[in-house]
There are 2 protein chains.
Amino acid sequence: MVDKLISHINGICLLTGDEIEIVKELVREKDVPRKHFVHRAGEIAQYSAFVLEGCLRSYIIDQNGFEHVLQFAPENWWISDMYSFVKQTSSELNIDALLDSKVLILSRDCQLRIFDRIPKLERYFRILTENALASSNHRTLDYLSLPAKVRYQKFCDLYPTLINTLPQKQIASFIGITPEFLSKLRGERN
Amino acid sequence: MVDKLISHINGICLLTGDEIEIVKELVREKDVPRKHFVHRAGEIAQYSAFVLEGCLRSYIIDQNGFEHVLQFAPENWWISDMYSFVKQTSSELNIDALLDSKVLILSRDCQLRIFDRIPKLERYFRILTENALASSNHRTLDYLSLPAKVRYQKFCDLYPTLINTLPQKQIASFIGITPEFLSKLRGERN
DNA sequence: GTTAGTTCTTAACCTATATTAAGAAAATCG
DNA sequence: CGATTTTCTTAATATAGGTTAAGAACTAAC
């Protein structure tokens with residue numbers, strides 16, 4: 001199963017046989033059944049997770065007890081609380097599985113140490129982070145400038161797979177509206 | 001003036017004398033008077049800018065002609081259209097100066113080439129990008145979970161300098177409300 | 001220092017989206 | 001399979017924040 005990560009890395013920068021071995025030793029495989037947590041608010045994020053199967057999500061719970069989804073992570077995505085993972089401070093995010101999932105976990109410690117041994121991996125993560133930032137910026141702009149209906153349409157275009165596998169209320173939460181309002185939008189002709 | 005960038009880099013990973021020389025050759029200093037552009041929507045973002053003095057901003061103009069601020073860049077910040085800069089696709093953002101400013105510009109080309117010569121700089125940008133993503137995530141969560149008034153208070157706490165130097169309408173745009181509504185919020189007791 | 005352009009404030013009115021509630025449909029689990 | 005929980009829909013009502021407009025307060029430019 002680790003091969004899935006290796007080929008993801010190879011898609012960005014080619015690893016030698018030795019380097020592949022090192023990577024294999026650093027990550028640990030883990031099953032995450034639906035509704036089980038990978039990380040909880042209040043803790044420091046020690047790990048980043050690469051999704052082999054299934055789908056995870058990160059979200060906060062606000063003062064009124066409502067959940068707000070920051071990220072979905074289907075197959076081949078990394079997920080963590082970036083803020084806590086990078087600054088090693090207490091986290092506000094929860095990360096759990098929306099479907100029965102299988103992940104690889106990598107600790108921040110290992111990650112930083114590996115950057116010195118395999119600079120290619122620093123490049124790999126630099127590129128992933130750049131892409132994530134670019135997407136995040138896009139999402140912010142959509143938020144600032146588009147009404148909910150258009151944000152929903154864009155979500156459907158961008159993540160057609162998720163539309164069919166995830167409950168609508170999760171998607172409503174991601175685009176920043178209530179499930180009731182999303183249901184209403186969907187009910188409207190065209 | 002380039003020294004300002006050098007010490008910013010040194011704050012994250014120490015450069016040798018030789019490396020400093022290389023950096024100095026790669027960037028170009030540029031004056032940007034208030035209201036002048038560093039980058040325009042429709043073009044591909046060739047450059048990222050490091051602000052030496054003054055303050056820049058990136059923003060989109062929506063279908064109704066309204067501006068929405070994605071980022072402010074006061075002294076010692078980098079600014080670019082990350083999406084366009086990374087993917088080398090046509091940009092939707094404008095970047096201009098809110099105050100008379102002085103910047104250093106670095107092309108994507110140079111940046112990528114320098115990563116091979118000075119891996120330390122790949123690390124520098126990897127770390128900056130991680131931090132930017134962590135902040136961006138935070139902003140998204142605030143957006144999803146907090147009312148405008150609280151977002152404004154957090155902005156004041158986070159960027160006390162900007163509150164005094166920038167017009168309120170720019171700040172309203174950044175936190176995602178109209179200037180009229182911000183004025184109303186500020187008028188309310190406590 | 002006058003003029004012209006911005007920015008800020010206030011207030012009346014409007015709208016997108018939230019809230020509440022209750023039933024229908026679907027998914028999960030024993 | 002039936003029972004229970006979760007999700008989805010619909011509709012009535014409520015509200016945060018937008019729109020419009022007009023005057024006041026700044027700022028910049030000559």
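Each chain gets a letter, A, B and so on, in the order the sequences are listed, and its residues count up from 1.
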Where do N or O atoms of nucleotides 24-29 of chain C meet protein N or O atoms at under 3.5 Å, pair by pair?
none

Where do N or O atoms of nucleotides 16-23 of chain D meet protein N or O atoms at under 3.5 Å, pair by pair?
unit_1, atom_1, unit_2, atom_2, d
D/dG17, OP1, B/A148, N, 3.1
D/dG18, OP2, B/T178, N, 3.3
D/dG18, OP2, B/T178, OG1, 3.4

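When side chains are defined from C-beta on, A/C55 does not count as touching A/T165, because their heavy atoms never get closer than 4.5 Å. At least one side-chain heavy atom of A/L5 sits less than 4.5 Å from a side-chain heavy atom of A/W78. For the pair A/N137 and B/Y83, the minimum side-chain heavy-atom distance is 4.5 Å or more.
A straight line from CG of A/L99 to P of D/dT6 spans 17 Å, rounded to a whole angstrom. Between B/E188 atom CD and D/dT15 atom C1' the separation is 13 Å, expressed in whole Å. Atom CG of A/L166 is separated from atom C1' of D/dT6 by 15 Å (rounded to the nearest Å). Residue B/L98 contributes atom CG, which lies 13 Å from atom P of D/dA28 at whole-angstrom precision.
For D/dT9, the OP1/OP2 oxygens have a side-chain nitrogen or oxygen of A/Q168 closer than 4.0 Å.
A/M1 pairs with exactly one of A/L104, A/V103, A/L52 by the side-chain contact (heavy atoms from CB on, under 4.5 Å) rule, that one being A/L52.
Taking the six-membered ring where the residue is Trp, B/F50 and B/H8 present tilted rings, their angle falling between 30° and 60°.
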Could you walk me through whether A/S91 and A/D81 pass the side-chain hydrogen bond (donor to acceptor under 3.5 Å, both in side chains) test, one step at a time?
CA-CA 7 Å; A/S91 162; A/D81 176 349; 2.6 Å; yes

List the steps and the verdict of side-chain contact (heavy atoms from CB on, under 4.5 Å) for A/L166 and A/R57.
CA-CA 11 Å; A/L166 301 185; A/R57 104 245 228 218; over 6 Å; no

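Criterion: ILVMFWY side-chain heavy atoms under 4.5 Å apart, direct or through other members. Under it, A/L133 and A/F125 are not part of a common hydrophobic cluster.
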